[in-house]
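Each remark here refers to the structure printed beneath this line.
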Amino acid sequence: MPRQLGDLEDAVMTRVWQWNRPVTVREVLEDLQQERSIAYTTVMTVMDNLHQKGWVRREVDGRAYRYTAVSTRAAYAAALMNEAWSKSDNPAAALVAFFGMMSPEQRRSLEDAVRMARADRPEGDDAEGGPREEGTGEEGAGEGAPAEDHPGERRAEGAEGTAEAGR
């Protein structure tokens, strides 16, 4: 499970996600300096740490690196929500409490997401989203489902995460 990003890590990743292209330490530094006083070496260290943690990949470009997000901000948020929810001793109560904290706009977004998830469900799936075994009415193991990708977890050398659109 991913750990929540620190404040400076989040500030750096926000830029990487928003710009959605390979970025240099210098570009991130110059943008961060509009909000705070920060040294080049600090940003370089944070970006190197993000690379070591598996949040970004990097490619050499001359004498510098260009960094690209391994996953999306949405995937990061979903993984954090899943982690928090999985730690509850009463998941249904946790969801009810979470829904109660939502604004009307957030509830509409949730309803839209549920509609999209239901529309994406293959024919024959039950209400829970899992495939049914023929003749039993019970959920199957869901073989062939993709393994979950958790940004921030170390990956085997050469393993690539979710590619950004347009790359």
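Hydrogens, waters and symmetry mates play no part in the numbers below; they use all other heavy atoms, side chains included. The chain is numbered in sequence order, starting from 1. Predicted, not measured: the structure shown is a model, and the values here were computed from it.
- No donor-acceptor pair closer than 3.5 Å links the side chain of Glu30 to the backbone N or O of Glu27.
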Inset, instruction - For side-chain contact (heavy atoms from CB on, under 4.5 Å), just list the numbers for Tyr67 and Val12, CA-CA rounded to whole Å, side-chain angles, deciding distance to a tenth of an Å, and then say yes or no. - result: CA-CA 11 Å; Tyr67 294 84; Val12 168; over 6 Å; no
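- Here OG of Ser103 is found 7.5 Å from CZ of Arg108. Values are rounded to the nearest 0.5 Å.
- Salt bridge annotation for Arg107-Glu111: absent, with no cationic side-chain nitrogen under 4.0 angstrom from a carboxylate oxygen.
- The side-chain heavy atoms of Leu50 and Leu5, taken from C-beta on, include a pair separated by under 4.5 Å.
- Linking ILVMFWY residues whenever their side-chain heavy atoms come closer than 4.5 Å, directly or via other members, places Val46 and Trp19 in the same cluster.
- Ser88 places no side-chain N or O within 3.5 Å of a backbone atom of Ala84 that could act as its donor or acceptor partner.
- The cluster map of Ile, Leu, Val, Met, Phe, Trp and Tyr, joined by side-chain heavy atoms under 4.5 Å apart, puts Val114 and Phe99 in the same cluster.
- Using a 4.0 Å cut-off between charged side-chain N and carboxylate O, Glu35 and Arg15 make a salt bridge.
- Interatomic distance, Gln106 CD to Phe98 CZ, rounded to the nearest 0.5 Å: 7.0 Å.
- Using a 4.5 Å heavy-atom cutoff, the side chains of Leu8 and Thr42 are in contact.
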Inset, instruction - List the steps and the verdict of side-chain contact (heavy atoms from CB on, under 4.5 Å) for Arg66 and Val60. - result: CA-CA 6 Å; Arg66 289 206 173 265; Val60 176; over 6 Å; no
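- Looking at every heavy atom in both residues, Ala69 comes nearest to Arg57 through O-NH1, 3.7 Å.
- Side-chain contact, Thr14 with Arg73: a donor N or O sits under 3.5 Å from an acceptor N or O.
- Residues Val56 and Met13 are in side-chain contact: their nearest non-hydrogen atoms beyond the backbone lie under 4.5 Å apart.
- The distance from the CZ atom of Arg115 to the CG atom of Asp112 is 4.5 Å, given to the nearest 0.5 Å.
- Contact annotation: the side chain of Trp55 never approaches that of Val16 to less than 4.5 Å [non-hydrogen atoms, C-beta and beyond].
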Legend entry - Derivation of the side-chain contact (heavy atoms from CB on, under 4.5 Å) call for Ile38 and Gln33: CA-CA 6 Å; Ile38 191 167; Gln33 285 178 331; 3.9 Å; yes
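- No more than 12 heavy atoms of other residues, nucleotides or ligands lie within 6.0 Å of CG in Asp7, so this atom counts as exposed by the packing criterion.
- Between the side chain of Asp61 and the main chain of Ala64, no donor-acceptor pair closer than 3.5 Å is present.
- Checked by atom type and distance alone, the side chain of Tyr65 never pairs as donor or acceptor with a backbone atom of Met44 at under 3.5 Å.
- One N or O on the side chain of Ser86 and one on the backbone of Asn82 form a donor-acceptor pair closer than 3.5 Å.
- Summarising the geometry, atom CE belonging to Met102 is positioned 4.5 Å from atom CG belonging to Leu110; distances are rounded to the nearest 0.5 Å.
- Within the 3.5 Å criterion, the main-chain N or O of Pro91 finds a donor-acceptor partner in the side chain of Trp85.
- Glu9 contributes a side-chain N or O that, together with a main-chain N or O of Gly6, makes up a donor-acceptor pair within less than 3.5 Å.
- Under a hydrophobic clustering in which Ile, Leu, Val, Met, Phe, Trp and Tyr are joined whenever their side-chain heavy atoms come within less than 4.5 Å, directly or via other members, Met47 and Tyr40 fall into the same cluster.
- The closest side-chain heavy-atom distance from Tyr76 to Leu80 is below 4.5 Å.
- Inter-residue side-chain proximity for Leu32 and Val43 is flagged as met; some heavy-atom pair is nearer than 4.5 Å.
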